[in-house]
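Here the structure is laid out as structure tokens; the discussion comes afterwards.
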There are 2 protein chains.
Amino acid sequence: MDTTPRWLDADELAAWKRLVAVVELVPAALDAQLRRDSGLTHFEYLVLAMLSEAPDRTLRMTSLGQRTNATLTRLSHVVRRLEERGLVERFACPEDGRATNARLGDAGHAALVAAAPGHVSTVRATVIDALTHEQVEQLSAISAAILQRLDPHHRLQVLADTEPGTPAAAVGLPETAAPAVRAGGGAALAG
Amino acid sequence: MDTTPRWLDADELAAWKRLVAVVELVPAALDAQLRRDSGLTHFEYLVLAMLSEAPDRTLRMTSLGQRTNATLTRLSHVVRRLEERGLVERFACPEDGRATNARLGDAGHAALVAAAPGHVSTVRATVIDALTHEQVEQLSAISAAILQRLDPHHRLQVLADTEPGTPAAAVGLPETAAPAVRAGGGAALAG
DNA sequence: GCCGCTTAGTTGATATATCAAGCAATCGCG
DNA sequence: CGCGATTGCTTGATATATCAACTAAGCGGC
């Protein structure tokens, strides 16, 4: 870092301070609602959602870690706890003895389906419905620009498949789950 | 929450997924840089910065908690640790026997001055300089709209004084500190 | 087919955050 | 002025995240 960086001017400072408040409050709001209504953290929700998207509801730990932006260490602890609660199961990967697969069980899928509507409502209530359609598109572009700096090589798969026009959910219940959800009065982020 | 909320359409979903990545990565990036270069978390930095702004570099715990968006519990633990490290001191408020004042000591001020340039550079590198001036203003408006939903009564003082045209730093070293900083080759967010 | 390097994941220790009580000073009010 | 309610803060227990090894399986070269 430079020893004498350019300071922030008034507009930049205002934007920055507000962004700091947003990045502090948004995760807290998501966590609070999910914990209260479903007994899941936002991160656990993401893990379940990513598994629900995958073929056979199964992913390798490494791949799951990329999709949820988690270190393998963090993921290992969380998945162990989810396994203890009966929501996911782990088993050795047949093709690579080093790898572990995590699969979303029926109970886990049910928990996700039960949690999704409240989560989507919260997302709308706190973010999306607070903005005009134009602002939603601006936010998308701004976030993309920031992520370009934070993760230039797109290690996070969250980024890779986030172009507008994307098929289904990714943060909710896509493809596999969403139809079931819609049929059963369940839930997803997109659809 | 509604049992059958409106799902997100493709544009909304793209924006949402990117925002999730941003609110996950931005705090991590700030924490990582500050920890590595200054041995401070972003939250500790905020605490020191807020104190540096206050008259006599002193604030009540409750007021400090509002400005940093922290529960009193969290703040109490953090300030105790900062006190053990000699960066701040605590003393009973003379006017109200229940209250505790926290004051930024010289060592704490020095730590803040040392940490600020790297922090500002990181803010520029990861966020502000990634955006056009127009986008900075859009981000400011978007964040304000989101915060209106998350904190309608503006409990967070971060919001109260965040109108463009604001005097000095608030997230860096304002008024009291900034001049010293500029003189000594030090650091702040704004100036 | 051994040996060093890399990859994949786990585990235990430490740090930090959150929760549930608790304590003490002040306020409100009869 | 006395006593319950409120405010301001702290503390200890539990949960979660981060860090530093460590294990074990594959991979490459010779």
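Proteins come first, then strands; the chains are lettered A, B, ... in the order of their sequence lines, and each starts at number 1. Side chains included, hydrogens not; waters and symmetry mates left out as well; all remaining heavy atoms used.
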- Any Lys/Arg nitrogen of B/Glu89 or B/Arg57 sitting under 4.0 Å from an Asp/Glu carboxylate oxygen of the other? no
- Message: Nearest whole Å is fine: how far is D/dA25 C1' from A/Arg60 CZ?
- Response: 12 Å
- A/Arg80-A/Ser76 side chain donor-acceptor pair, cut-off 3.5 Å: no
- Roughly, in whole Å, what's the span from CG in B/Leu75 to P in C/dT16? 15 Å
- Message: Nearest whole Å is fine: how far is C/dT14 P from A/His77 NE2?
- Response: 14 Å
- Task: Report the distance from atom CZ of B/Arg80 to atom P of D/dT11, rounded to the nearest whole Å.
- Result: 7 Å
- Item | A/Leu72, nearest nucleotide to its side chain (from D/dC19, C/dT10, D/dT11) | C/dT10
- Message: Does atom CD (A/Glu134) have a neighbourhood of more than 12 heavy atoms from anything else shown, all under 6.0 Å?
- Response: no
- Message: Nearest whole Å is fine: how far is C/dA20 C1' from B/Arg74 CZ?
- Response: 19 Å
- Candidates C/dT11, D/dT10, D/dT16 - which lies nearest the side chain of A/Ser76: C/dT11
- Query: Taking only residues two or more places apart in sequence, or in another chain, which ones meet B/Arg90 in a salt bridge (Lys or Arg N to Asp or Glu O under 4.0 Å)?
  - Reply: B/Glu83
- Task: Round to the nearest Å and state the distance from B/Glu44 atom CD to C/dT16 atom C1'.
- Result: 10 Å
- Item | Whole angstrom value for the distance that separates P of D/dT11 from CD of B/Glu83 | 10 Å
- Task: Figure out the CZ/P separation between B/Phe43 and C/dA17, and round it to whole Å.
- Result: 7 Å
- So, are A/Glu12 and B/Arg124 salt-bridged, with charged N and O less than 4.0 Å apart? yes
- Item | A/Arg35 vs D/dT16: side-chain N/O to OP1/OP2 distance below 4.0 Å | yes
- Query: Side chains of B/Arg60 and B/Leu64: closer than 4.5 Å at any heavy-atom pair?
  - Reply: no
- Result for 5'-nearest mapping on DNA chain C, choosing between A/Thr73 and B/Val78, is A/Thr73
- Contact check, residues 91-104 of chain A vs DNA chain D, heavy-atom distance under 4.0 Å, returns A/Asp96, A/Gly97, A/Arg98
- Answer yes or no: does atom CZ of B/Arg35 have more than 12 heavy-atom neighbours from other residues, nucleotides or ligands under 6.0 Å? no
